[in-house]
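Read through the structure below, which is laid out as structure tokens, and then see the notes.
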Amino acid sequence: NTSTSGGSAGVGSPPSNGISAGSTSTQSFTNTPQMGFATYYSAAYGRYYPTQRVFESLSDDMVRVGLTKAGYRVFAMEGWRFASQDAQGNYVASTARAADGSLVPRPEFPDMMGLANHLHANGMLAGIYTDTGRDGCYGPYGGSGDHIGQDLMQFFNWGYDYLKLD
């Protein structure tokens, strides 16, 4: 099952609430809107250089200050494909793919499944970003392009259950 909200798609099954497909109930699926943290706004503006450890620390901080108890459940991770910065300081996405076409995260993200598990242990949905085109918000080669189906399966196999898709 796939649910959509605000341009992002959740991967996996939505939470059970007793409403079945085709129901005429006016009951909403959730009591609060989908809330979370999108790393784009900090990473894209140079507030930090994204790494697995930084993202784990950010999610730990969200738990520590009570955001997860307040309903912030999504940790939408962007910046995991940055490879370098150009002369103007803009991030450039990695074009790295294995021989079979699968994504190869940059070295600062050594364990994508471990990161998803960390987010889940903190009570969050593990979110990840890609673009349907070859390029993404971060520049050339930041998107999935012709590999979209393969990338979605890879995200699922890594344990990600929320997709921010541009």
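Residues Arg73 and Met35 form no side-chain contact, since every pair of their non-hydrogen atoms from C-beta on lies 4.5 Å or further apart. At least one side-chain heavy atom of His118 sits under 4.5 Å from a side-chain heavy atom of Asp60. Contact annotation: the side chain of Gln34 approaches that of Tyr162 to within less than 4.5 Å [non-hydrogen atoms, C-beta and beyond]. Looking at Met112 and Ile128, their side chains come closer than 4.5 Å, going by heavy atoms from C-beta outward. Between Thr39 and Phe75 there is a side-chain heavy-atom pair separated by less than 4.5 Å. Thr132 has its side chain within reach of Leu165: a pair of non-hydrogen atoms, C-beta onward, lies under 4.5 Å apart. Here the side chains of Met62 and Phe37 are in contact, with some heavy-atom distance below 4.5 Å.
Sorted by first and then second residue, the salt bridge (Lys or Arg N to Asp or Glu O under 4.0 Å) pairs involving residues 116-130 (not counting sequence neighbours) form an empty list.
In the hydrophobic clustering of this structure, Met113 does not group with Val54; members are Ile, Leu, Val, Met, Phe, Trp, Tyr whose side-chain heavy atoms approach within less than 4.5 Å, directly or through other members.
Of the possible donor and acceptor atoms, one in the side chain of Asp100 sits under 3.5 Å from a partner among the backbone N and O of Ser102. Using a distance-only test at 3.5 Å, with no hydrogens or angles considered, no donor-acceptor pair links the side chain of Tyr72 to the main chain of Met124. Side chain of Asp161 to backbone of Leu125: no donor-acceptor contact under 3.5 angstrom is found. A donor-acceptor pair under 3.5 Å is formed between the side chain of His120 and the backbone N or O of Ala116.
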- Item | side chain to side chain contact (heavy atoms under 4.5 Å, CB included) evaluation trace for Leu163 with Tyr129 | CA-CA 6 Å; Leu163 175 66; Tyr129 164 81; over 6 Å; no
- Message: side chain to side chain contact (heavy atoms under 4.5 Å, CB included) for Trp158 and Asp111? Distances and angles first, verdict last.
- Response: CA-CA 9 Å; Trp158 279 340; Asp111 184 4; over 6 Å; no
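Of the charged side-chain nitrogens involved, at least one lies within less than 4.0 Å of a carboxylate oxygen, so that Arg97 and Asp151 count as a salt-bridged pair.
By the ring pair (Phe, Tyr, Trp, His ring centres under 6.0 Å) test, Phe109 is found to be paired with Phe55, residues two or more places apart in sequence or in another chain being considered. Partners of Asp61 according to the salt bridge (charged side-chain N to carboxylate O under 4.0 Å, His left out) rule, which considers only residues two or more places apart in sequence or in another chain, are Arg64.
No more than 12 heavy atoms of other residues, nucleotides or ligands sit less than 6.0 Å from atom CG of Asp146.
For Ile148 against Thr130, the heavy-atom pair with the smallest separation is CD1-CG2, 4.1 Å. The heavy-atom pair separating Asn122 from Thr68 by the smallest distance is O-CG2, 3.9 Å. Contact detail for Gly159 and Ala126: the closest heavy-atom pair is O-CB, 4.2 Å.
Judged by distance alone, the side chains of Gln52 and Glu56 do bring a donor and an acceptor atom under 3.5 Å apart.
Note that the CG atom of Asp166 and the OG atom of Ser144 stand 11.0 Å from one another [nearest 0.5 Å].
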